[in-house]
Amino acid sequence: MKGDQEFVKEVTSQMVDFSQWYLDVVLKAELMDYAPVKGCMAIRPYGYAIWEHIQQLLGERIKATGHKNAYFPLFIPQSLLQKEADHVEGFAPEVALVTRGGGEELAEKLVVRPTSEAIICSMYAKWVQSWRDLPLLINQWCNVVRWEKNTRPFLRTSEFLWQEGHTVHATEAEAEEETLKMLGVYREFVENELAIPVIAGRKTEKEKFAGALRTYSIEALMSDGRALQAGTSHNLGQHFARVFGIQFQDRDDELKYAWQTSWGVSTRLIGALIMVHGDDRGLRMPPRVAPVQVVIIPIIMKKKREEVLAKARELMQRFAGTLRLELDEREGYSPGWKFNEWEMKGVPLRLEVGPRDLENGGVTAVRRDTGEKSFVPETELEQCLPMLLREIQEGLFQQALRFRRENTRYAENFGQFKEIVVEQKGFVLAHWCGEAGCEERIKEETKATIRCLPLEEMDGGKVEGPCICCLKGRGKIVYFARAY
RNA sequence: CGGGGUGUGGCGCAGCUUGGCAGCGCGCCUGGUUUGGGACCAGGAGGUCGCAGGUUCAAAUCCUGUCGCCCCGACCA
């Protein structure tokens, strides 16, 4: 694609300032707008449509794996949040507290949920009594509030939307299986629907969820070379069951504490979508979640005006049931202006219908991912459009995958490690002994954190080597990166 | 919470040094000509210059205080 700046003056180039590029894009593409409260945003219709597709596509997978949706309260009595020691400690700095209601001081302060383990567990304690009640598989879609100091649209906001699954099981093995199963669901969903390749792995002790036994995550690489945690799945062990009293009587008559999991993805996925696929002309939406999959731009000249419009409207009718398409009939905007605007919004496929196309008996199709133009005869549209969209979906994934491969490097020693982190960015693979001290030192010296201990290597028990940091201990290869 | 920056029509900015009619570009509205990669002409609407106090005949401009926002770090989905 040549001369991007010729076309789009409103978006800062990624090379010049990636962070500014991101902010330009989210605003100009009308995904969100800043609200009066710091760190809070209005998600505009175009941005919310992406979230709705995520809800739909991930939602059906969550249901297909046996989970049911439910809803729990926004307010959590402070005492409930404080039950699990690690949990409180982890969230205390970022909770919002309600101290007054109905014009009176509240007897007990209410926490605005930063996550729902506490309130849900308090309910589960009532619902679980017998092994016959298990497994209990519930999911909720809601908003949560975490008082963040440093906020960025979609990536880190004071309030965000997410989905949180909370399950209860009779055995540790079952809970672990569930934890990994949902991590797998996330991986498949993010790769196939959002076209974002991810590394699935386990978090270190330092990085795990406050109150969890083990935390797993999927990690994606943004096009500026920084990593982003795109989803997490926790094996909560019996930590919460013990403090909330979730017990059940098992087949063997014994009263036992239950095993739990929780897992979630948030509107942060929209941030990932933007940063993985976007380019200097704006967004590039994967067709599967694109609010608009195909935009029709009529090229209205003085002469064939009516014929062109009639054809464009006919196309709308023809595909209204099968594709998400939009016809841009606005007067007073030149075709070129419309091209740029819809490109900024990342619409995967543009169809141009003009006098020339009418004469040739078809439309001009232009791909957002490659910029490639082609002529599609009218008789082949039904076959061609879905095919093009599939190619774009696959193309975006392959492009992101290639980028990740090219930006994943193995470091032999600490010197090389630092050089990669600073100069080249991306994922760095290196041996790590497993000691928190080394993890900490690496972070202090390079700002890179352990993103995860990849599942593949863990299972295979592959090559061990001397720790990149201390050289003494031996360990497996883990993923490092500077992260969002 | 540290470091830096910035607040002037919807957006981007100039004006501040040296106090004296609040301006420019884009966008918006109306009408007309246009329309195959951000068209043009004419007319028009829109701002208590972040907020509070002070100095002055007079403050966007000088002084004091305060708040918001943005960027970079420390902490986090």
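Throughout, protein chains are lettered first and strands after them, A, B, ... in sequence-line order, and every chain is numbered starting at 1.
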| request: Give a yes or no on whether A:K206 atom NZ has more than 12 heavy-atom contacts from other residues, nucleotides or ligands under 6.0 Å away. | output: yes

| query | With the sugar-phosphate defined as primed atoms, P, OP1 and OP2, and the base as all remaining atoms, what B/S/- string results for nucleotides 3-14 of chain B, 5' to 3', for protein heavy atoms under 4.0 Å? | reply | ------------

| message | Can you build the contact string for nucleotides 65-77 of chain B? Use B for base contact, S for sugar-phosphate-only contact, and - for no protein heavy atom under 4.0 Å. | response | ----SSSSBBSBB

Spacing of the [atom1] atoms in [M] and [N] (rounded, Å):
N: B:C57; M: B:G3; atom1: C1'; value: 43 Å
N: B:U18; M: B:U56; atom1: C1'; value: 16 Å
N: B:U61; M: B:G19; atom1: C1'; value: 6 Å
N: B:C11; M: B:C28; atom1: P; value: 14 Å
N: B:C62; M: B:C49; atom1: C1'; value: 15 Å
N: B:U30; M: B:U17; atom1: C1'; value: 43 Å
N: B:G54; M: B:C16; atom1: P; value: 26 Å

[N] base to [X] side chain: any donor-acceptor pair below 3.5 Å?
X: A:T364; N: B:G36; result: yes
X: A:R350; N: B:G37; result: yes
X: A:E343; N: B:G37; result: yes

Charged tip of [X] within 45° of [Y] ring normal and under 6.0 Å:
X: A:K203; Y: A:F209; result: no
X: A:R226; Y: A:Y484; result: yes
X: A:K373; Y: A:F375; result: no

| field | Considering all heavy atoms, the nearest A:W21-A:T12 contact | value | CD1-O, 3.0 Å

| message | Which residue in the set A:E205, A:K208, A:R202, A:H234 passes side-chain contact (heavy atoms from CB on, under 4.5 Å) when paired with A:R214? | response | A:R202

| request: Please map the stems of RNA chain B, keeping only stretches of three or more Watson-Crick or G-U wobble pairs with both distances under 3.5 angstrom. | output: B:1-7 with B:67-73, B:10-13 with B:23-26, B:28-33 with B:39-44, B:50-54 with B:62-66

